[in-house]
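Protein chains get the first letters and strands the later ones, always in sequence-line order, with residue 1 at the start of each.
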2 protein chains.
Amino acid sequence: MNPHTRPETTARRNASQSSPYHHGDLRRALVEAALALVTEEQDWGFSLREVARRAGVSHNAPYRHFPEKRDLLAALAVAGYEALRVKLVAAAETAEGPEDELVAIGVAYVQFGAENPARYRLIFGPDLLTGGLGMPASVAEAAQAAKAVLVDVIARGVQTERFAVSQDTQAERDRVVLTAWALVHGLTMLLIDGLAGPALPPAVSETVTRSLLDGIRKRP
Amino acid sequence: MNPHTRPETTARRNASQSSPYHHGDLRRALVEAALALVTEEQDWGFSLREVARRAGVSHNAPYRHFPEKRDLLAALAVAGYEALRVKLVAAAETAEGPEDELVAIGVAYVQFGAENPARYRLIFGPDLLTGGLGMPASVAEAAQAAKAVLVDVIARGVQTERFAVSQDTQAERDRVVLTAWALVHGLTMLLIDGLAGPALPPAVSETVTRSLLDGIRKRP
DNA sequence: CACCTAATGTGGACGACGTCAACATGAATC
DNA sequence: GATTCATGTTGACGTCGTCCACATTAGGTG
């Protein structure tokens, strides 16, 4: 079982307001407080001490769960990628057939970024990068899981011959996935930065995703 | 003339090593030192004090030129966008005709990001955002100037009927520009984050940019 | 040239931060 | 019931961004 979940023992902090020495579920409380801070301030420049304050513990308690601030950010990122994955899966289920699923995923992806820009930035954020070695393994894993939703729908599109690739090789499928991901990722970023002009996210994301579709759809 | 350039009076710091009370060209020196720090550490978490140290002035001197650290970052971003614009223009000049120019711009764009990831991130960075109002005017302006290179080549492609748009309206041209920008921007970010797989930047950027071209090229 | 003023740089201070080390508490195990 | 070890607390250190008062000097004015 996941060490984070603690089903029986409800956190000691809830019932009695006389805060006990041990919190009971501090790790989760810290991640939640940090996410709230990121969402409120739209920035991950928050201090570890502020997170501790919100969780009602001393400024040093977080160090028992996260060796550095970076590790708390990484935990946030993992949760963020997981939320993204869930949203993409849900979006794909509302549509039928690879083409519509791809559009639905694209729109949902952009919406995910637009509804909490700071969290979206965080999961791709440079503060996670561990000294030239890329993101921590846990984060990379969560990112791959989210990417897998996209990989899936494209694989199905290619397999059912709705999407055109010059040859059905791994490299060709990878190219299409990378193109699609780059497009929605870039669009999300530009929207967040206010560089995508005055158009509204839902409209522009559908239009742009459809133009991706036009590029890869098999022509009669 | 640009107020930053000071042609006659060479900076007082260069000739005599007994540092004079006034630096002479501190603003430029600070921006250069900051860019060096960003490049070296691949992170813009540097301290203003470190920048001041490198420029050989007291920790408070920068405040005469930048009210806050954010303003120094903004100056860096302006310089970054300008460097990007120059690189894109140069790339466009190596090619002939809208199609090849577009590919050349795309490849150069991705290369710009890959050769200094931290600088690239910085210019789109959240630390610039001035309280929900987007980036400072100077940065937005520099960003538009860089974008203009892309706008130009696409406008020429549409005008000479090499690129296909359903109707030649402003909105349609904007859509194509946004799609193109989103694609190269997203690809650059994914590459920087190590999320684009094992393929090398030059190869993948050419492939992906060409697939963009396939999407918008007029078909016989 | 002498003077003045405004621009520019210095030094010190303050509160907040990340992190370390030493100590306190109490839940789980024997 | 005693012990152990994970978890939380207190205090300290060096650094940071920023504010304030003061020092220096460049450039315009007489």
Between A:Glu115 and A:Lys87, does any NZ, NE, NH1 or NH2 come within less than 4.0 Å of an OD or OE carboxylate oxygen?
yes

Is it true that B:Glu40 and B:Arg54 have a side-chain N and a carboxylate O under 4.0 angstrom from each other?
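Judged by the 4.0 Å cut-off on N to carboxylate O distance, B:Glu40 and B:Arg54 do form a salt bridge.
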
Report yes if a donor N or O on one partner sits less than 3.5 Å from an acceptor N or O on the other, where the partners are the side chain of B:Arg49 and the base of D:dT18; otherwise report no.
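A donor-acceptor contact between them is present.
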
Can you find an N or O donor on one side and an acceptor on the other, under 3.5 Å apart, linking the side chain of A:Asn60 with the base of D:dT10?
yes

Residues in residues 63-76 of chain B with a heavy atom under 4.0 Å of DNA chain D, by number, are B:Tyr63, B:Arg64, B:Glu68, B:Lys69

Atom [atom1] of [X] and atom [atom2] of [N]: how far apart are they, to the nearest Å?
| X | N | atom1 | atom2 | value |
| --- | --- | --- | --- | --- |
| B:Leu26 | D:dA26 | CG | P | 15 Å |
| A:Phe46 | C:dG18 | CZ | C1' | 13 Å |
| B:Arg28 | C:dT8 | CZ | P | 15 Å |
| B:Arg53 | C:dT10 | CZ | P | 14 Å |
| A:Asp25 | D:dA6 | CG | C1' | 15 Å |
| A:His59 | C:dA21 | NE2 | P | 14 Å |

Verify the neighbour count for atom CD of B:Glu141: are there more than 12 heavy atoms of other residues, nucleotides or ligands below 6.0 Å?
no

Step through the shown structure and confirm whether more than 12 heavy atoms of other residues, nucleotides or ligands are within 6.0 Å of CD on A:Glu41.
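Buried by this count: over 12 neighbours within 6.0 Å.
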
Evaluation steps, ring pair (Phe, Tyr, Trp, His ring centres under 6.0 Å), between A:Tyr81 and A:Phe112:
CA-CA 10 Å; A:Tyr81 276 114; A:Phe112 178 86; 8.8 Å; no

Out of curiosity, B:Leu76 CG to B:Leu72 CG, how far, rounded to the nearest 0.5 Å?
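With rounding to 0.5 Å, CG (B:Leu76) is 5.0 Å from CG (B:Leu72).
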
Closest-nucleotide ordering on DNA chain D, the 5'-leading residue of B:Glu50 and A:Ser58
A:Ser58

